[in-house]
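Reading through the structure tokens given below for one structure.
For clarity, every value in this text was computed on a predicted model and none was experimentally measured. Computation of the quantities below employed the complete heavy-atom set of this structure, encompassing side-chain atoms and omitting hydrogens, waters and symmetry-equivalent molecules.
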Amino acid sequence: AEMACITPQTTARARVQSPAPVLRSRSVGSGRPVAEATTKVLAEDQATKKSRGPSARAVQCYLLLGSRLFQQSMRNALAPLLVFMSAEFHIGTTEKGTLLSAIAAGYFFTQVPGGALADKFGAKNVVTAALTLSALCCLAIPAACDNFGVSGLWVVMALMGAVQGPLFPTSTVFLSRWMPKKVPGGTDEKAWGTSMLDIGISVGSLVVIPVANSLAGALGWRGAYYMIGVFSLAFVVLWQILGAEAPSKCHFISEVELRFLQEHVPQPSKKGNGKDSASSNAESAGWLGIPLRLALHPGLWAIFFAHIAFNFGAYYMTNWNPTYYAEVLRVPAAEAKYHLMMPHIFNLACKCLNPTLVTMVESRGYSLLSSRRLFTTIGFLAAAAFILPVHLLRNQSPWVSTFLFSLANAAFGLAPSGFKANYLDVTERYVGVVSGYGNTLGTVASWVAPQLVALILQKFGSWDAVLLMVAMVNVVAALNYLLRATVTPVERDVAEKAEVDMSESLSKTC
């Protein structure tokens, strides 16, 4: 009787508290230890990359970078072009807030379904469809404005948001099929992959401002939208030719890299199979797409709140800075484009430095969880500190405001190595659904922020209040992430805790 009471509890606790010594006991092939085999495959993979140039997984990440570049270009073209459109359609402050939130309104409804589709049917074709439809929306904007005015513009922008909604969760699923887990002697490639995604966002945001302004000056704002749409369609062709759903479907991957990825990329588990079935605690995913117990896990909500704060702050600058420079700092549009580019240049520079920063952190002995916390909290707190005094210094040179905005946006650039990379750690089965929920909640912030800023400016005329609000959201999200973040897949964490609780209950009963 004593053994029956003690053994389950001891076994369960051992699973939670003691790492299994697989690297010392399990063998591969002719009896070589797994650690030695892993090191050899890693060395072969690195040697192949040096001799053949970019690896197949690097090419896939560069393609994802391109997809986010064109997505962001189409999405953010409205902010600089709105200055030209306002002169023709007499668009007021309230209408600007409504138009700038239209993308988010459409985005809201399609991210979770898009993530679920990517989980089930694969990511490549979802990305293709999303980019194609988004480009067609760009081409339709001039006709919508000419025939239906501001209302037509809002509808098309909302449709663009709806078709772009699946791109973030789908990109996360795509990365999860290609990015290996960290192995001894290797680097954190998940952080590098998410950095490529966000570099695409920064490059798109950076390029679209001067390009849209120059095209609008030369061809009019209608011509600017036509050109952006055509170039986006051209990229879709390149994506369709070179993109591969998984390593096994890539026609230019080396045998060494394929073997390495097959060994070190977690394979999506099948629902209802063996031990993995228990990972959801025998709960059905139901209409949420994920078991409720997993959906409420604090580790997921640490990421979700961080994503909300990120979108709230980053898109505030993207959406409202053109208006701030025009109406507060009185900078002409021709000159403002250089000021508006600088925050994106700083953000891009920080994202490009992320892999080096991650390596430095790893060399100092930080764990994966500590690294995720470090990049997230420093990014949010630094952004809050830099953005707070901007309006107080409005009477100084506009370049003072630009410098502070740029430092704040650089701090946001640490996110790919923080909470965004955490999406690839925190679940094994529900990557698309979880990232879909996270980006949906972030989209709520993207939709609320422009309208809230417009409301504050309309009622109180206070930019100081706006900047204080952005800073406080950052601080709260940073503290929550610091306390709640995890890198353990929530399926495993919930299953192990349930097993321990059951064992302790049996022990007390005995």
Results of salt bridge (charged side-chain N to carboxylate O under 4.0 Å, His left out) for Arg372 - residues two or more places apart only = Asp188, Asp425

For Lys420, which of Asp198, Thr194, Thr376 qualifies under side-chain hydrogen bond (donor to acceptor under 3.5 Å, both in side chains)?
-> Asp198

With side chains defined as the heavy atoms from C-beta onward, is the minimum distance between Tyr423 and Lys190 less than 4.5 Å?
-> no

Between Phe70 and Phe231, is the ring centre distance below 6.0 Å?
-> no

Is the gap between the ring centers of Phe386 and Phe346 under 6.0 Å?
-> no

Min side-chain heavy-atom separation Ser232-Leu131 under 4.5 Å = no

In terms of side-chain heavy atoms, does Gln71 have a donor or acceptor partner in Arg68 at a distance below 3.5 Å?
-> yes

Smallest separation among heavy atoms of Asn474 and Ala309, with atom names | OD1-O, 3.8 Å

How are the rings of Trp301 and Phe305 set to each other: parallel, tilted or perpendicular (split at 30° and 60°)?
-> tilted

Nearest-0.5 Å distance, CG of residue Leu369 to OG1 of residue Thr488 = 8.0 Å

Ionic contact status for Glu245 with Arg177, cut-off 4.0 Å | no

Determine whether Val163 and Thr110 make a side-chain contact, defined as any pair of heavy atoms from C-beta on separated by less than 4.5 Å.
-> no

Looking only at atom types and distance, does a side-chain atom of Gln111 sit under 3.5 Å from a main-chain N or O of Phe168, one as donor and one as acceptor?
-> no

Side chains of Met341 and His344: does their closest heavy-atom pair fall under 4.5 Å?
-> no

